[in-house]
Amino acid sequence: MNSLYYFSMTMIGYKWLNYVYICTFKEDLQTKVKRLLQIPILILMFLILTNHFNHFLFVIDSNNLYHRGMGIYIHWIISWSYIVLATIMSLYVTIHTKSKFQRKEILPYFYFVIALIIGSIIQMYCPSSASFQVGITISYCPS
């Protein structure tokens with residue numbers, strides 16, 4: 001389940017990037033760009049599949065307690081790179097858009113990140129909490 005959790009957290013960022021791109025540019029990502037963006041996901045999948053043998057990402061000890069491995073930072077970088085890229089893309093479009101209506105349409109993409117940042121900071125310091133998922137849930141709730 002932890003492996004599935006690691007994979008799904010990264011996929012949320014990847015799917016968010018795709019969604020923001022489609023909503024801001026009104027077109028789908030090109031196949032070459034999609035393949036390039038999927039490389040970090042493939043790296044993470046390899047790390048997840050080999051984690052049982054090397055405990056690079058995490059380990060569950062004999063007392064059934066979760067412990068982070070050194071690879072957690074790689075997971076965070078990969079997962080957050082998609083979200084940061086989507087935010088930068090939204091910011092770029094917002095700055096270069098002359099239409100006030102389009103700016104108002106893009107602005108909610110910034111709000112999505114706020115709850116994620118708060119949830120991530122809490123989870124960094126309290127690894128047993130699932131506050132990142134709470135941040136995602138709050139972000140998805142319509143205002």
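Predicted, not measured: the structure shown is a model, and the values here were computed from it.
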Taking all non-hydrogen atoms of both residues into account, name the closest pair between Gly71 and Leu57 and its distance. O-CD2, 3.4 Å
Quick one: sort the Tyr14 and Tyr82 rings into parallel, tilted or perpendicular, breaks at 30° and 60°. perpendicular
Give the cluster check for Ile39 versus Tyr73: same hydrophobic cluster or not, with ILVMFWY residues linked at side-chain heavy-atom distances below 4.5 Å. yes
When you compare the side chain of Leu116 with that of Trp16, does any pair of heavy atoms fall below 4.5 Å? no
Can you see which heavy atom on Leu37 is nearest to which on Leu17, and at what distance? CD1-CD2, 3.6 Å
Please enumerate all residues that pass side-chain contact (heavy atoms from CB on, under 4.5 Å) together with Ser8, with sequence neighbours excluded. none
Can you confirm whether Glu27 sits close enough to Ile22 that some side-chain heavy atom of one is under 4.5 Å from a side-chain heavy atom of the other? no
Answer whether the closest heavy-atom distance between the side chains of Ile117 and Trp80 falls below 4.5 Å. yes
Does Tyr66 have more than 12 heavy atoms from other residues, nucleotides or ligands lying within 6.0 Å of its OH? yes
CD1 of Ile83 to OG1 of Thr87, rounded to nearest 0.5 Å, is 7.5 Å
Minimum heavy-atom distance between Phe7 and Ile41, given as atom pair plus value: CE1-CG2, 3.8 Å
According to a 4.5 Å side-chain heavy-atom criterion applied to Ile, Leu, Val, Met, Phe, Trp and Tyr, with indirect links allowed, do Ile88 and Trp76 form part of one hydrophobic cluster? yes
Of all the heavy-atom pairs spanning Arg68 and Met124, show the shortest one and how long it is. NH1-O, 2.9 Å
Non-neighbouring partners of Leu65 that pass side-chain contact (heavy atoms from CB on, under 4.5 Å), sequence neighbours left out: Asp61, Asn63, His67
His96 vs Tyr92 aromatic rings, parallel, tilted or perpendicular, using cut-offs 30° and 60°? tilted
Neighbour count above 12 (heavy atom, 6.0 Å) for Gln30 CD: no
Give every residue pair that meets the salt bridge (Lys or Arg N to Asp or Glu O under 4.0 Å) criterion with at least one member in residues 29-55, sequence neighbours excluded. Asp28-Lys34
May I ask whether Ile60 and Ile72 are part of the same hydrophobic cluster, defined by side-chain heavy atoms of I, L, V, M, F, W, Y residues being less than 4.5 angstrom apart, directly or through others? yes
Shortest non-hydrogen contact from Ile78 to Ser81? O-OG, 2.7 Å
Supply the atom-to-atom distance Met11 CE to Leu44 CG, rounded to the nearest 0.5 angstrom. 10.5 Å
Roughly how far, to the nearest 0.5 Å, is OG1 of Thr50 from CE of Met45? 11.5 Å
About how many Å separate NE2 of His75 and CD1 of Ile43, when rounded to the nearest 0.5 Å? 13.0 Å
Single-linkage hydrophobic cluster Leu85~Leu42, side-chain heavy atoms < 4.5 angstrom: yes
Minimum heavy-atom distance Ser79-Thr10, with the two atoms named: OG-OG1, 2.8 Å
Out of curiosity, does Tyr6 fall in the hydrophobic cluster containing Met70 (side-chain heavy atoms, cut-off under 4.5 Å, transitive links)? yes
How long is the gap from CZ on Phe58 to CG on Asn2, to the nearest 0.5 Å? 4.5 Å
Drop me the distance from Phe56's CZ to Ile74's CD1, to the nearest 0.5 angstrom. 3.5 Å
Dump the intermediate steps for side-chain contact (heavy atoms from CB on, under 4.5 Å) on Val93 and Phe25, then the final yes or no. CA-CA 9 Å; Val93 171; Phe25 295 109; 3.5 Å; yes
